[in-house]
Amino acid sequence: MEKGEKLYEGKAKILYLTENPEQLIQHFKDDATAFDGLKKGTIQGKGVVNNQISITLFNLLKKRGIKSHFEEQLSDNEMLVKRVEIMPVEVVVRLVSTGSLCKRYGIQEGLTFAKPIVELYYKNDQLHDPLMNDDHVLTLGLATAAELAQMKQQALQVSAILREFFDSIGIDLVDFKLEFGRYQGQILLADEISPDTCRFWEKGTHRKLDKDRFRQDLGDVEKTYQEMLQRIGAKAT
Ligand code: 5GP
């Protein structure tokens with residue numbers, strides 16, 4: 001696959017055009033940022049880990065009826081994806097309390113919810129991705145009611161599938177962020193699903209197995225990303 005012009009460069013990924021107008025190359029970088037870009041660094045090997053983990057999870061979800069933008073693996077740190085129009089709404093699903101939820105509502109960490117909480121955030125760097133509700137999304141015209149309903153429903157399905165998968169490898173899925181895109185009249189899961197976009201805690205010990213190791217300077221960052229790749233790969237194959 002010929003790599004064309006760079007279409008977009010974000011904090012962790014680059015999108016390149018291809019000779020097919022309907023497809024892009026999604027390249028995963030080792031660069032890491034946190035706290036709205038205030039903290040910057042590199043996690044050696046992260047691009048490869050996040051590409052491989054995303055591919056494994058997109059494939060798992062596909063088998064369970066959730067369609068995504070993923071087409072095929074191109075290299076260790078690149079995948080071919082459908083050229084979707086990214087929805088400007090990020091969907092966060094929370095199964096266990098932590099992170100900004102605890103700060104915002106003053107609740108204790110580590111509470112497992114009876115029912116997952118679905119949150120919507122405006123994908124807007126300048127405004128620092130503010131929390132929003134359905135009415136905001138609809139009034140601002142960010143998605144139609146049908147699109148929003150699909151995004152929320154798919155997010156809950158993804159949550160149930162991933163929770164079961166991670167349970168089976170001794171890991172609690174704590175929370176995660178999804179992005180969706182429009183493609184030929186459908187809403188498709190897009191972006192990535194990786195330790196950058198999810199929180200994973202080892203069952204029992206609550207050892208953090210995700211980007212919080214970088215955010216909170218917990219050490220063993222590279223080693224933990226490699227461990228996640230190994231644990232997920234071993235189960236999925
Ligand atoms: P929180 O709102 O607690 O900071 O994050 C909730 C979940 O969504 C975490 O799993 C976090 O990794 C993910 N998340 C939320 N916003 C972003 C974002 O802008 N970038 C990334 N990589 N993950 C995010």
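We number each residue from 1, following the sequence as shown. Computation of the quantities below employed the complete heavy-atom set of this structure, encompassing side-chain atoms and omitting hydrogens, waters and symmetry-equivalent molecules. Counting convention: from 1, in listed order, for ligands and their atoms alike.
When each of Ile169, Ile53, Asp210 is tested with Met228 by the rule side chain to side chain contact (heavy atoms under 4.5 Å, CB included), just one qualifies, namely Ile53.
Taking the charged nitrogens against the carboxylate oxygens, Asp220 and Arg207 have no contact shorter than 4.0 Å, which rules out a salt bridge.
Annotation: atom 16 (N) of ligand 1 to nearest protein heavy atom, Glu90 OE1, 4.0 Å. Of all protein heavy atoms, the one lying nearest to atom 12 (O) of ligand 1 is Arg215 NH2, 3.1 Å. Shortest contact from atom 17 (C) of ligand 1 to any protein heavy atom: Lys177 CE, 3.8 Å. In terms of protein heavy-atom proximity, atom 23 (N) of ligand 1 is closest to Asp196 O, 3.5 Å. Protein heavy atom closest to atom 5 (O) of ligand 1, with residue, atom name and distance, is Arg199 NH1, 3.6 Å. The protein non-hydrogen atom at the shortest distance from atom 19 (O) of ligand 1 is Asp129 OD2, 3.8 Å.
Scored by the side chain to side chain donor-acceptor pair (under 3.5 Å) test, His136 finds Asn133 as partners (sequence neighbours excluded). Under the side chain to side chain donor-acceptor pair (under 3.5 Å) criterion, Gln153 pairs with no residue at all, not counting sequence neighbours.
Under 3.5 Å, the side chains of Gln23 and Thr18 contain no donor-acceptor pair of N or O atoms.
Which of Ser100, Ser194, Cys102 comes nearest to atom 1 (P) of ligand 1 through a heavy atom is settled by distance: it is Ser100.
Judged by the shortest distance from any of its heavy atoms, Arg94 lies inside the 4.0 Å radius around the atoms of ligand 1.
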